[in-house]
Amino acid sequence: MSRLYTLRKQAVGAPPTTPQAAEIDFRTELNDQQYAAVTSPPGQALVLAGAGSGKTRTLTYRVAYLLANAVAAQNILLLTFTNKAAREMLERVDALLPGQTGGLWSGTFHSICNRILRRHATLAGLTTGFTILDAEDSKSLMSKIVKESGVGKRVENATGEKFPKAPVIQGILSYATNTKKSLEDVIREKYSPDPDFIHGVHEIAKLYEKKKRTANSLDFDDMLVRTLELFDEHPHVLAEYQYQFQFILVDEYQDTNPIQSDVINALAGQHGNVMVVGDDAQSIYSWRGADFRNIISFPERFPDAQVYKIETNYRSTPEILHLANEAIRPNQKQFKKTLRSSRGPSKQKPVLAALYSPQEQAIFVTQRMRELHEEEGIPYREMAVLYRAHFQSMDVQLQLTQDGVPFTVTSGLKFFETAHIKDFSAFLKLAINLRDESAFDRIVKLLPGVGAGTAAKMWALWLMKATKLGDKLPESFSNFMSGIKVPARAEKDWQQLGWTMDEFLTPEGTLQPPMVVMKSIWEGIYKDWLKAEHENFESRSQDVTQFMRFGDRFETVFDMLSELSLLSGPEAAEENPASREESVVLSSVHQAKGLEWNVVFIIWLTDTMFPNMRAAEEGESGLEEERRLFYVALTRARDQLYLLYPRMNPKSYTGDVFQQPSRFLETLPRESLEEWRIGR
DNA sequence: TTTATTAAAGTTTTT
DNA sequence: CTTTAATAAA
């Protein structure tokens, strides 16, 4: 006879009992609204926190509060938008309650799901060494499928219209997955209602799915999908996690999409202790399936939910806040809330300036930054340039370089996405997952005389051998590889590669630690390839050295790779040594979410760029999202804000084009702005 | 048939 | 600047 023995519910509402808890005075360190949210009883809670209102602080103290009330760290799950946000929050909790966060799970949905899948790889139909396809990997896999299958050609012949390219198909599949809509609906809505198209994309999707399974690899969306499948097929696994995560906290809830919502619901299970924090006005990821109505409908979906509002803004000057409030006002769909500034009036009103050209805009930004730095002593790291799209930062980058102002770009060229770093890590990926087609392709195409055709033939052979081996490491890579034919001029390199990969193995037949493996790759083969391939060998080899330093932190190649693929833009940039120095930040508005600076320049505020023309064409909902994005941009600034746009856009072939100022600028109250006329 | 080279054109936002 | 398309060469 088994017996159910229930542990008493942790008393969350009870006064602090541990000695550490006594040291945190929650009442005085938080304002009334924050305090109410932090001390919320178990159950569902929605915290609506305006921009700059101490959202992170609230979440941090909530975690501390739970810990202080004898909730064990391993019973808490903290879901954040970036891994960096998770790390920072834990550091802050650790400052409040030193050494008590061990065992707490935190990170993005993707990293948490990845962690779960690694633990139950076999149950999920994978092997422990499964690899992750980043956006580029899955794109090239997809285009390979389109070419190989001939589906594109066939559909084009049948319809006379162009078949979508790999990135478009990928976008369609991903959107369908994230919104849980049917593929058919999404194609109709986003592309074409033609049955030939729908059928074609379906076919591609199937082949793509099959290829991923054969390759023992997952793309980003798969991490969530496969976790949910795992829970579905193995209820005891789900139960284990439901039991573990007694308290779930979700940051940036306004940007969660239906599939992420499913993950939350699955984990919350019976206890339902879920606190979600967000701001509907800052929902900017609808194109990734997020729906801000999620946050608005939360109280309806969970009738017992407590709702807390946090409305005091500690970040911005009243002028900036007033501007932001006015900017978002035209949006019909929003929670009404009044953000009050806790600060006194500023000495510098927000500035609006029209520049003649993008170059002049860049000169203005650079010159003003240098002034603020040299005359007012504002550190460079306290200044940022924000824009709607990466390419809009090019002029500024050029000018900053010319004038010797140090800067970091948090988007665009991401350290881990540069060709040489991806090449380098492909060796590692292949070592832990012999079936990784993307990695194989990448490596093999580095050989002289090997292109797509030869690579495909080699892959067929390789896969057969790997399958025969059954996911174990070969005893000798060189033997394993010797049976595969390569073109005459690649022969020497191919052999060398085999010998190099032999060095990956320990005498016991397991994989060496990351540093040993990476040294082999570098010394054994990649150094020479890189030297032959690129002129700027020096800077690229420094990147590789930096990458090896990153890898040295991990005990196994497994750990290293699973972390690697999940690093997002801003955090990946931090691995780049240049970014740690004192430097100005250039960032897309999306990536600036959750960050703040003393001085913010928003550039390219013209009517085709911001709002983005394509988004504006989507109608009112598209425009509202652009407006929220503008709101996010404005509320990043603490003290000084510069709104800039060029009057003229010089294009190479059509000649100069006049620019309309952004329609968002028209609704701003003039009395809160200072217009600067720019002389030359 | 496959690879290497050269010319041309086009760019939202990202875990 | 980066990716794709067209052409030359092996």
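Lettering of chains follows the sequences in order, A, B, ..., and the numbering in each one begins at 1. The basis for the numbers below is simple: all heavy atoms, side chains too, and nothing from hydrogens, waters or symmetry mates.
Nearest-nucleotide positions on DNA chain B for A:Lys457 and A:Ser174 put A:Lys457 closer to the 5' end. Where A:Glu626 and A:Phe109 meet DNA chain B, the nucleotide closest to each residue was compared, and A:Glu626 sits on the side nearer the 5' end.
A donor-acceptor pair shorter than 3.5 Å cannot be found between the side chains of A:Ser217 and A:Asp436.
Between the P atom of B:dT13 and the CD atom of A:Gln254 lies a distance of 20 Å, rounded to the nearest Å. In this structure, NZ of A:Lys147 is placed 13 Å from P of B:dT2, rounded to the nearest angstrom. In this structure, the NE2 atom of A:His390 is 13 Å from the C1' atom of C:dC1, given to the nearest Å. Atom CG of A:Asn612 and atom P of B:dT14 are 12 Å apart (whole Å). If you take CG of A:Leu629 and C1' of B:dT12, they are 10 Å apart, rounded to a whole angstrom. Taking atom CE of residue A:Met394 and atom P of nucleotide B:dG10, one finds them 19 Å apart after rounding to whole Å. Nucleotide B:dT13 holds its P atom 22 Å from the CD atom of A:Glu624, rounded to whole Å.
Evaluation of A:Tyr285 against the base of B:dT13 yields no stacking contact (centre distance < 5.5 Å, interplanar angle < 30° required).
If you check every strand for non-hydrogen atoms under 4.0 Å, A:Arg489 touches sugar and phosphate atoms only. Residue A:Lys593 is out of contact with every strand shown, counting any heavy-atom pair closer than 4.0 Å. Among the atoms of the strands shown, only primed sugar atoms or phosphate atoms (P, OP1, OP2) are found under 4.0 Å from some heavy atom of A:Ala452. Backbone-only contact: A:Thr454 has heavy atoms under 4.0 Å from sugar-phosphate atoms and none from a base. Contact annotation for A:Val589: no contact, since no heavy-atom pair falls under 4.0 Å across all strands.
Atom name C1', nucleotides B:dT13 and C:dT4: the rounded distance is 23 Å, in whole Å.
At B:dT14, one or more side-chain N or O atoms of A:Gln591 fall inside 4.0 Å of OP1 or OP2 (strictly under the cut-off). A sub-4.0 Å separation between OP1 or OP2 of B:dT12 and a side-chain N or O of A:Ser588 is absent. Between A:His590 and B:dT12 there is no side-chain polar atom (N or O) within less than 4.0 angstrom of OP1 or OP2. Not one side-chain nitrogen or oxygen of A:Arg288 sits closer than 4.0 Å to the OP1 or OP2 atom of B:dT14.
Ring geometry, A:Trp494 versus A:Phe440: the interplanar angle exceeds 60°, so the pair is classed perpendicular (tilted spans 30 to 60°).
For the pair A:Lys429 (side chain) and A:Ile132 (backbone), a donor-acceptor distance under 3.5 Å is present.
Aromatic rings from A:His420 and A:Trp529 are positioned such that their centres are separated by 6.0 Å or more.
Seen from the ring of A:Phe81, A:Lys593 counts as a face-on cation partner, given the 6.0 Å and 45° thresholds.
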